[in-house]
S.K.: 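I have a structure I would like to understand better, so I am pasting it below and will then ask my questions one at a time.
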2 protein chains.
Amino acid sequence: MSRADEIMDVANHFILERGYSAFSYADIAGEIGIQKASIHYHFPSKANLVQSVVGRYRQQIKSNLALLDGMEGDPQEKLTQYLNYWEDCLEAQATDICLCALLASEIPILPDEVRSEIMAHFEELTDWFTRLLKESKVPLQYTTADVSDEEMAHGILAGIHGGMLAARTFNDVGQFRMIKSGLLHQIHPAK
Amino acid sequence: MSRADEIMDVANHFILERGYSAFSYADIAGEIGIQKASIHYHFPSKANLVQSVVGRYRQQIKSNLALLDGMEGDPQEKLTQYLNYWEDCLEAQATDICLCALLASEIPILPDEVRSEIMAHFEELTDWFTRLLKESKVPLQYTTADVSDEEMAHGILAGIHGGMLAARTFNDVGQFRMIKSGLLHQIHPAK
DNA sequence: GTCTATAGCCCGATAGAC
DNA sequence: GTCTATCGGGCTATAGAC
């Protein structure tokens, strides 16, 4: 693994733990065992480093979604897979939530490059959820309550983010599982 | 208004804008027009100041909920009122979301006193939602999907928090209104 | 690519005068 | 209660040797 990748890995970890403003080049340097100046060689500025980390994260998620797109299965099965992915992450480490959801709370003070990445990621995810819902061959639970696919897609994103935050706050994956269960009930075929 | 209250007001504003770690005594002092040392007279430490601000915030919300408890109306009407409250806040200022939801993203690095306040607030809110749902005299939409009151209460909290974050990220209250609409549809009486 | 050294700035907190 | 002054530390970023 290249030094740049190593730096991004450690940066990713510290961002998840402390957020944008409270992690530092010194943290990363200390963890890897190099000097701060060496990081500046690979990533000239903090904004640049975080943009790179977020860009890499977005690519990972995109390839996960592409994998799900290529699979057989009902929309509700694919959403289940996506939710399972995050449940597994949270189980491994309660602090391991969506990088963009975490950074979003610092939106007003983020550099423009980073803010744009986060907004683009949210839009991409919402679009994916919407497309997924529209694919359903049968009416789903939420449609019987006169909720549109777009509304439901936004509701899924909000539920996931709020659920991650709750799980992290209480260091309890059960909080996320509860939201997952509620969302999946809304996605199930109507009776 | 006392100087201490003035300090807490300004601190509240800067926390909402920048989070715990990125706001400073210097910010507050500059805004009010006093010296940093004067703030330390009223609030010996940053942890103490933020705990006070969060404590005051929790009291405000508690009195709002007590007001709703004292009113006539179906559960879904009361939840609507609560969601309207936040919609109004967001309309006035896109950065004005729940103080605890915002601080929750910094949970791992918050002082213990502050972390406890946030967890207690979330539990209180969830309990209030649960009680509200159990009061309903008629079956609600979500109950037809085999979702328990407790699950739904957690879902409401997560949806609200995720919705706030989205509205703030895109500086667009519409994002919150969409989540509000989805939640209320789930709370409506079943057909 | 990595290092040492440093510039220029911000931070929370305290001492002590008024 | 508010001030000035300061301590000891942190930060991002750069210059220049190796």
Side-chain angles (χ1 to χ4, degrees), chain A residues 1-56 102-103 105-115 117, chain B residues 1-56 102-103 105-115 117:
Chain A
M1 183 174 52
S2 74
R3 180 49 48 97
D5 281 324
E6 191 180 0
I7 292 169
M8 283 193 281
D9 283 349
V10 176
N12 199 320
H13 168 261
F14 280 121
I15 295 169
L16 284 178
E17 184 180 297
R18 311 181 188 177
Y20 179 86
S21 49
F23 94 93
S24 73
Y25 274 46
D27 293 331
I28 302 172
E31 179 73 21
I32 299 182
I34 55 175
Q35 296 300 313
K36 289 187 291 175
S38 306
I39 304 176
H40 281 285
Y41 170 80
H42 296 279
F43 303 96
S45 71
K46 192 177 182 180
N48 176 284
L49 167 58
V50 175
Q51 184 186 16
S52 304
V53 172
V54 174
R56 202 183 56 156
L102 198 133
L103 286 170
S105 68
E106 294 181 87
I107 276 286
I109 54 162
L110 291 181
D112 289 343
E113 314 88 288
V114 179
R115 187 165 44 232
E117 294 276 350
Chain B
M1 185 173 51
S2 75
R3 182 46 50 98
D5 281 323
E6 191 180 1
I7 291 168
M8 284 193 281
D9 282 349
V10 176
N12 198 319
H13 168 262
F14 280 121
I15 295 169
L16 283 178
E17 183 179 298
R18 312 180 187 177
Y20 180 86
S21 48
F23 93 93
S24 73
Y25 273 48
D27 294 330
I28 302 171
E31 178 74 21
I32 298 183
I34 54 176
Q35 296 300 313
K36 288 190 293 175
S38 307
I39 303 175
H40 280 285
Y41 170 80
H42 296 279
F43 302 97
S45 72
K46 193 177 181 180
N48 175 284
L49 167 59
V50 176
Q51 183 185 18
S52 303
V53 172
V54 175
R56 201 182 56 155
L102 197 131
L103 286 170
S105 69
E106 295 181 86
I107 276 285
I109 54 162
L110 291 180
D112 290 342
E113 316 87 287
V114 178
R115 187 163 45 235
E117 293 276 352

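Letters A, B, ... mirror the listed sequences (proteins, then strands); counts begin at 1.
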S.K.: Taking only residues two or more places apart in sequence, or in another chain, which ones meet Glu6(B) in a salt bridge (Lys or Arg N to Asp or Glu O under 4.0 Å)?
M.R.: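 Applying salt bridge (Lys or Arg N to Asp or Glu O under 4.0 Å) to Glu6(B) gives Arg3(B).
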S.K.: Does anything in residues 4-18 of chain A reach DNA chain D, meaning a heavy atom under 4.0 Å, and if so which residues?
M.R.: none
S.K.: Below 4.0 angstrom, which residues in residues 106-114 of chain B have at least one non-hydrogen atom near DNA chain D?
M.R.: none
S.K.: Any side-chain heavy-atom pair from Pro108(A) and Arg18(B) closer than 4.5 angstrom?
M.R.: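 Of all side-chain heavy-atom pairs linking Arg18(B) with Pro108(A), none is under 4.5 Å.
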S.K.: Are Pro111(A) and Val50(A) close enough that some pair of their side-chain heavy atoms sits under 4.5 Å apart?
M.R.: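 Contact flag for Pro111(A)/Val50(A) side chains = no.
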S.K.: Quick one: are Asp112(B) and Arg115(B) in side-chain contact, heavy atoms under 4.5 Å?
M.R.: yes
S.K.: Keeping to residues at least two apart or across chains, list the ring-ring contact (aromatic ring centres under 6.0 Å, His included) pairs with something in residues 7-31 of chain A.
M.R.: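 Residue pairs with at least one partner in residues 7-31 of chain A: Tyr25(A)-His40(A).
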S.K.: Reading DNA chain D from 5' to 3', where do the contacts with chain A start and stop? Cut-off is 4.0 Å to heavy atoms.
M.R.: dC11(D) to dA15(D)
S.K.: When rounded to the nearest 0.5 angstrom, what distance separates CD in Glu106(A) from CD1 in Ile109(A)?
M.R.: 4.5 Å
S.K.: Taking the side chain as everything from C-beta on, heavy atoms only, tell me whether Ile28(B) gets closer than 4.5 Å to Leu49(B).
M.R.: yes
S.K.: Show each protein N/O and nucleotides 10-12 of chain C N/O combination with a separation under 3.5 Å, one pair to a line.
M.R.:
unit_1  : atom_1 : unit_2   : atom_2 : d
dC11(C) : OP1    : Ser24(B) : OG     : 2.6
dG12(C) : OP1    : Phe23(B) : O      : 3.3
dG12(C) : OP1    : Lys46(B) : NZ     : 3.3
dG12(C) : OP2    : Tyr25(B) : N      : 3.0
dG12(C) : N7     : Lys36(B) : NZ     : 3.4

S.K.: Working note: Gln51(B) + Val54(B), criterion side-chain contact (heavy atoms from CB on, under 4.5 Å); need CA distance, chi angles, decisive distance, verdict.
M.R.: CA-CA 5 Å; Gln51(B) 183 185 18; Val54(B) 175; 5.9 Å; no
S.K.: Go through the structure and list residues passing side-chain contact (heavy atoms from CB on, under 4.5 Å) with Asp5(A), not counting sequence neighbours.
M.R.: Met1(A), Ser2(A), Met8(A), Arg56(A)
S.K.: Run the salt bridge (Lys or Arg N to Asp or Glu O under 4.0 Å) test against Glu31(A) and tell me which residues pass, sequence neighbours left out.
M.R.: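 Expected list: none.
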S.K.: What pairs with Ser38(A) under side-chain contact (heavy atoms from CB on, under 4.5 Å), at least two apart in sequence or on another chain?
M.R.: Ile34(A), Gln35(A)
S.K.: Which residues pass the side-chain hydrogen bond (donor to acceptor under 3.5 Å, both in side chains) test with Glu117(B), sequence neighbours left out?
M.R.: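 For Glu117(B), the residues satisfying side-chain hydrogen bond (donor to acceptor under 3.5 Å, both in side chains) (neighbours in sequence not counted) are Arg58(B).
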S.K.: Which angle, rounded to 10°, do you find between the first-five-pair axis and the last-five-pair axis of the helix from dG1(C)-dC18(D) to dC18(C)-dG1(D)?
M.R.: 0°
S.K.: About how many Å separate CG of Leu103(A) and CG of Leu16(A), when rounded to the nearest 0.5 Å?
M.R.: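 Taking CG in Leu16(A) and CG in Leu103(A), the distance rounds to 8.0 Å.
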S.K.: Measuring from Leu102(A):CG to Ile107(B):CD1, what's the distance to the nearest 0.5 Å?
M.R.: 11.5 Å
S.K.: Can you name the residues that form a side-chain contact (heavy atoms from CB on, under 4.5 Å) with Asn48(A), not counting sequence neighbours?
M.R.: Phe43(A), Pro44(A), Ser45(A), Ser52(A)
